[in-house]
2 protein chains.
Amino acid sequence: MIKCTKCQLADSVMRAGFVRGRQRYQCKACNFHFTDEKPLAVPERKRRQTTISDVAKALGVAPSTVSRALNGHSDISATTRQAIIEVARQLDYHPNLLAQSLKSSETYTIGVVIPDIERPFFATAISGIQQVAAEAGYRVMICQSKESYATEVSNVQALIASRVDGLLICHSRETENFDHVKPQACRGVPVIHFDRVSNEVDSAKVILDDWNGAFQVTEHLIEQGARRIAILAGPESLLISRNRLAGYLSAIQKYKLPILDELRAHIDFRTESAVAALDAWLALPNPPDAIFAINYVNAFDLLIALKARHIRVPEEVAVVGFGDEFMASMIEPGLTTVNLHPYRIGQQAARLFLEQIQQKEQFQPRTFVITGDLVVRQSSLKGKGPASFFKLNI
Amino acid sequence: MIKCTKCQLADSVMRAGFVRGRQRYQCKACNFHFTDEKPLAVPERKRRQTTISDVAKALGVAPSTVSRALNGHSDISATTRQAIIEVARQLDYHPNLLAQSLKSSETYTIGVVIPDIERPFFATAISGIQQVAAEAGYRVMICQSKESYATEVSNVQALIASRVDGLLICHSRETENFDHVKPQACRGVPVIHFDRVSNEVDSAKVILDDWNGAFQVTEHLIEQGARRIAILAGPESLLISRNRLAGYLSAIQKYKLPILDELRAHIDFRTESAVAALDAWLALPNPPDAIFAINYVNAFDLLIALKARHIRVPEEVAVVGFGDEFMASMIEPGLTTVNLHPYRIGQQAARLFLEQIQQKEQFQPRTFVITGDLVVRQSSLKGKGPASFFKLNI
DNA sequence: AGCGTTTCCGGTAACGTTGCCGATAGTTTT
DNA sequence: AAAACTATCGGCAACGTTACCGGAAACGCT
């Protein structure tokens, strides 16, 4: 006979359904429901790390006392504190950051969204972010959008859901809608943009001066004696493409050279497109004597294609790129480029985040502009201008 | 006159010290302590995200009911569930992953420790890790040791403290003590090693077959007609250095070529050291006709130094490297290397982690060996062997 | 001694979520 | 119609931590 677990009576107990795999009973006397088999009492105790309560129990003090001792709080005697610290050490206690974060709603984690970590520019930028973040005690969680808008959105949402303290983002090429990084979508989490930014969002930004960099390389080519400078630009819709084109045009205008439309190509950055543009230029009655590729990979494409066509660089055609990766110094001839300082960009983005965290509501979003440096190598040295006396970066 | 906040009497109240910046009183009647100024009642309500209780209150149901509805639990009616889902959507509710993690002690986060994210090998490996992790719903937290043992240890501890579900690590060069990745130090968190592993720890590992790769390139050089093959190895203490040397020696022995000690150099991977070793070889009465650099950066160093010395590659000296980065195809001449498949290594490490999570105690640590593929380019094509008919990877 | 003060520790609640179980109304079976 | 059952929902507790405050003993001063 089944006895009620509450009033211990057996007569008044009757069955009351079968629920969650167990027979259920109801005591008519005390009106109490219960199931027969008592819980299996967690046969296999889940492997737990030492908690503050374990330390407290070991010493016979309250958990809050242990917390105070370990956090250097004042309301505690020196002897008690020493004892607690010692026991905590013995038990190998480490605070549970999850619980701390839940309590304080600070995770000390920064979320970073980039298009592709395999591209040296972003890898270096992340390194810069991490250096600054680590010094301030922040961890970094990295997501790649792989240039997909949908992935970017889901990355941002996942990071926000993880309650990161801030979000550093460089948008994918596909991204045209920026609702997912707006304040209401990010629920007050500070968002810092770098490299590819959006003017739709009122946030702190770190951008590079595309106009200036393009102006520098173009001016350098002109100083080297180039007069018919072609530009291998990207899609006209892309902001970086427009800015670099503008810098190029400004330099041309400054030196009162003619602007030749047949020497401007907008491509999609694929190698085949770059080579096709090159061949079109070479077929002109008056081929260019210099080419500015606004993308360093396409600059490599050009160098290789030119070599295959037995056209000497820089004597017949000078070539300059944009973005000074390790490879630019490795290829033969060395590629003249603009060093975009990705490490600094990352550092600066992280610093802006720290600033925003510190100043809270007082923080005024501002845009930080990183200016690239011209790095002259052989690919542009036609030797007719003063730049040939620059120290070479081989 | 001050009244006791409990019994409302004023006569029995007397001052009882000054604590935490506020005057304190004690009621003699009811023996109750209190301070005068009541707490400022959080003047600025901390910006909170919508919680499950907010949704519950909006509908007049219990929080647990909301939880059940949102998690697709069964004990709920379809109408209630729909209403809850709708309100949750309206209030823009997103579950707090911190609270979920605290409750479930699962963070769905993998910690990754690598020496340097800027090195293409690791950037690609991380990409592989992330792809597999993301598909399984895991996030990735990345730390760089920058080849420092101390940094590595602190990274590991920080990740463990963050309660990551698993740890994927490639040790720094400095690391000789592996206590920080042993089970007791990691408190049961699964640890997977990749690339640079330790045999001291009984963990799942993904390694690349250094011996086989070295054997392949050396055999290739021999087939190309090389007979005096030098090896530019790393420090003798380094495992990869020893393994690649062994593969090299095995190939030499297989073809019954003499092992020449003067053609073996152990360097510290710096460019100057590589060039010094090269010059020493060139000064020999019988210089080598091929060089195997066990590190791709040093292979580049050699190509550049040889070019500066007007020594033709591969005619006079063939050069092969190890690790097929993007640059190997860009440099002139293209560098023959072994593709180590870093992406696969990352994928495999992540898969081993998932396996271990799934199988729990039943998981048997195993070592996964990734075999590299020979990638032939111009730098090794002396044209005397069958390999010259290989399809070139330009 | 009497009163006010300081020191130090314990208890409670809350962060947000979910598992477990009890309660209740309505429905079906005997 | 009583007994047995089902479908739903509410409440409690716990994950680990810490802020806040009350209690009590020790201390200091007149």
Side-chain angles (χ1 to χ4, degrees), chain A residues 5-6 14-20 22-26 28 31-35 38-39 42 46 48-56 60-71 73-81 84 93-106 163, chain B residues 5-6 14-20 22-26 28 31-35 38-39 42 46 48-56 60-71 73-81 84 93-106 163:
Chain A
T5 47
K6 197 177 196 175
M14 54 183 63
R15 279 189 290 175
F18 197 73
V19 68
R20 284 178 281 266
R22 274 180 294 182
Q23 180 59 55
R24 199 154 164 231
Y25 300 94
Q26 178 173 12
K28 284 287 168 189
N31 191 25
F32 180 73
H33 293 252
F34 59 93
T35 53
K38 269 292 107 185
V42 258
K46 190 184 277 179
R48 236 170 26 92
Q49 299 193 16
T50 307
T51 72
I52 221 166
S53 303
D54 296 331
V55 178
V61 299
S64 53
T65 305
V66 177
S67 172
R68 246 175 288 137
L70 263 30
N71 292 339
H73 221 280
S74 60
D75 269 17
I76 193 148
S77 70
T79 42
T80 312
R81 177 189 313 244
I84 288 175
Y93 169 76
H94 291 264
N96 186 327
L97 294 186
L98 283 172
Q100 287 182 329
S101 295
L102 178 61
K103 187 97 176 74
S104 66
S105 50
E106 284 179 339
R163 299 300 201 265
Chain B
T5 47
K6 195 177 196 174
M14 55 183 63
R15 281 189 288 175
F18 197 74
V19 67
R20 285 179 280 265
R22 275 181 293 182
Q23 180 60 54
R24 202 163 166 218
Y25 301 94
Q26 179 172 14
K28 283 289 165 186
N31 191 23
F32 181 71
H33 293 251
F34 60 94
T35 53
K38 270 292 105 186
V42 258
K46 190 184 277 179
R48 235 169 28 93
Q49 299 193 16
T50 307
T51 71
I52 221 166
S53 303
D54 297 331
V55 178
V61 298
S64 54
T65 306
V66 177
S67 172
R68 247 174 288 136
L70 263 29
N71 293 339
H73 221 279
S74 61
D75 270 15
I76 192 147
S77 70
T79 43
T80 312
R81 175 186 316 229
I84 288 175
Y93 167 77
H94 291 265
N96 186 328
L97 295 188
L98 283 173
Q100 287 182 329
S101 296
L102 178 61
K103 189 95 176 75
S104 67
S105 51
E106 284 179 342
R163 300 297 201 269

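Residue numbers start from 1 in every chain, and the chains themselves are labelled A, B, ... in the order their sequence lines are given, proteins ahead of strands.
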Partners of B/Asn96 by side-chain contact (heavy atoms from CB on, under 4.5 Å), sequence neighbours excluded?
-> A/Leu102, A/Arg163, B/Leu98, B/Ala99
N or O in side chain of A/Gln100 less than 4.0 angstrom from D/dG16 OP1/OP2 = no
Residues in side chain to side chain donor-acceptor pair (under 3.5 Å) with B/His94, at least two apart?
-> A/Arg187, B/Asp92
Would you kindly give the CD1-to-C1' distance between B/Ile52 and C/dC15, to the nearest whole Å?
-> 14 Å
Length of the CG-P vector between A/Asn71 and D/dT17, whole Å = 10 Å
Nucleotide of D/dT18, D/dA4, D/dG16 approaching A/Asn96 most closely (side-chain heavy atoms) = D/dG16
Applying side-chain contact (heavy atoms from CB on, under 4.5 Å) to A/Ser64 and not counting sequence neighbours gives A/Ala62, A/Arg68
Calculate the interatomic distance between A/Arg15 atom CZ and C/dT30 atom P; express it in whole Å.
-> 11 Å
Considering just the side-chain nitrogens and oxygens of B/Ser67, establish if one lies under 4.0 Å of OP1 or OP2 belonging to C/dT18.
-> yes
Starting at the 5' end of DNA chain C and moving along, which residue's nearest nucleotide shows up first, B/Met14 or B/Ser53?
-> B/Met14
Quick test: give all pairs of protein nitrogen or oxygen and nucleotides 23-28 of chain C nitrogen or oxygen below 3.5 Å, distance rounded to 0.1 Å.
residue, atom, partner, partner atom, Å
C/dA23, OP2, A/His33, N, 3.1
C/dA23, N7, A/Arg24, NH2, 2.7
C/dA23, N6, A/Arg24, NH2, 3.4

Which value, rounded to the nearest 0.5 Å, describes the distance between A/Ser67 atom OG and A/His73 atom NE2?
-> 7.5 Å
Not counting sequence neighbours, which residues clear side-chain contact (heavy atoms from CB on, under 4.5 Å) with B/Gln26? List them please.
-> B/Ala16, B/Lys28, B/Asn31, B/His33
Side chain to side chain donor-acceptor pair (under 3.5 Å) filter on A/Arg81, not counting sequence neighbours, yields none
Report the nucleotide, chosen from D/dT17, D/dT8, C/dT18, that has the shortest atom-to-atom distance to any side-chain atom of B/Thr80.
-> D/dT8
What is the distance from CG of A/Asp54 to C1' of D/dG16, rounded to the nearest Å?
-> 10 Å
Hey, which of these two, B/Thr79 or A/Pro95, hits DNA chain D nearer its 5' end, going by closest nucleotide?
-> B/Thr79
B/Leu102 CG to D/dA14 C1': how many Å, rounded?
-> 9 Å
Using ring pair (Phe, Tyr, Trp, His ring centres under 6.0 Å) as the criterion, list what pairs up with A/Tyr93, not counting sequence neighbours.
-> none
In whole angstroms, how far is the P atom of D/dT18 from the NE2 atom of A/His73?
-> 10 Å
Of B/Asp75 and B/His94, the one whose closest DNA chain C nucleotide lies more 5' = B/His94
So which protein N/O to nucleotides 10-13 of chain C N/O distances come out below 3.5 Å?
residue, atom, partner, partner atom, Å
C/dG10, OP2, A/Ala62, N, 2.9
C/dG10, OP2, A/Thr65, OG1, 2.4
C/dG10, N7, A/Arg68, NH2, 2.9
C/dG10, O6, A/Arg68, NH2, 3.1
C/dG11, N7, A/Ser64, OG, 3.3
C/dG11, O6, A/Ser64, OG, 3.0

Return the 5'-most residue of the pair B/Ala99, B/Ile76 with respect to DNA chain D, ranking by each residue's nearest nucleotide.
-> B/Ile76
Reckon A/Tyr25 has a side-chain N or O less than 4.0 Å from the OP1 or OP2 of C/dG22?
-> no
Does any N or O in the side chain of B/Thr35 come within less than 3.5 Å of the main-chain N or O of B/Gln23, such that one atom is a donor and the other an acceptor?
-> no
What pairs with B/Ser74 under side chain to side chain donor-acceptor pair (under 3.5 Å), at least two apart in sequence or on another chain?
-> none
Starting from the first five and the last five pairs of the helix from C/dA1-D/dT30 to C/dT30-D/dA1, work out the angle between the resulting helix axes, to 10 degrees.
-> 50°
What closest approach, in Å, do A/Ile52 and A/Pro63 show between heavy atoms, and which atom pair accounts for it?
-> CG2-CB, 4.0 Å
Given C/dC9, is OP1 or OP2 found less than 4.0 Å from the side-chain N or O atoms of A/Ser77?
-> yes
Would you mind telling me which of A/Asn71, A/Val66, A/Thr65 makes a side chain to side chain contact (heavy atoms under 4.5 Å, CB included) with A/Ile76?
-> A/Thr65
How would you list, by chain and number, every residue that makes a side chain to side chain donor-acceptor pair (under 3.5 Å) with A/Ser53, sequence neighbours excluded?
-> none
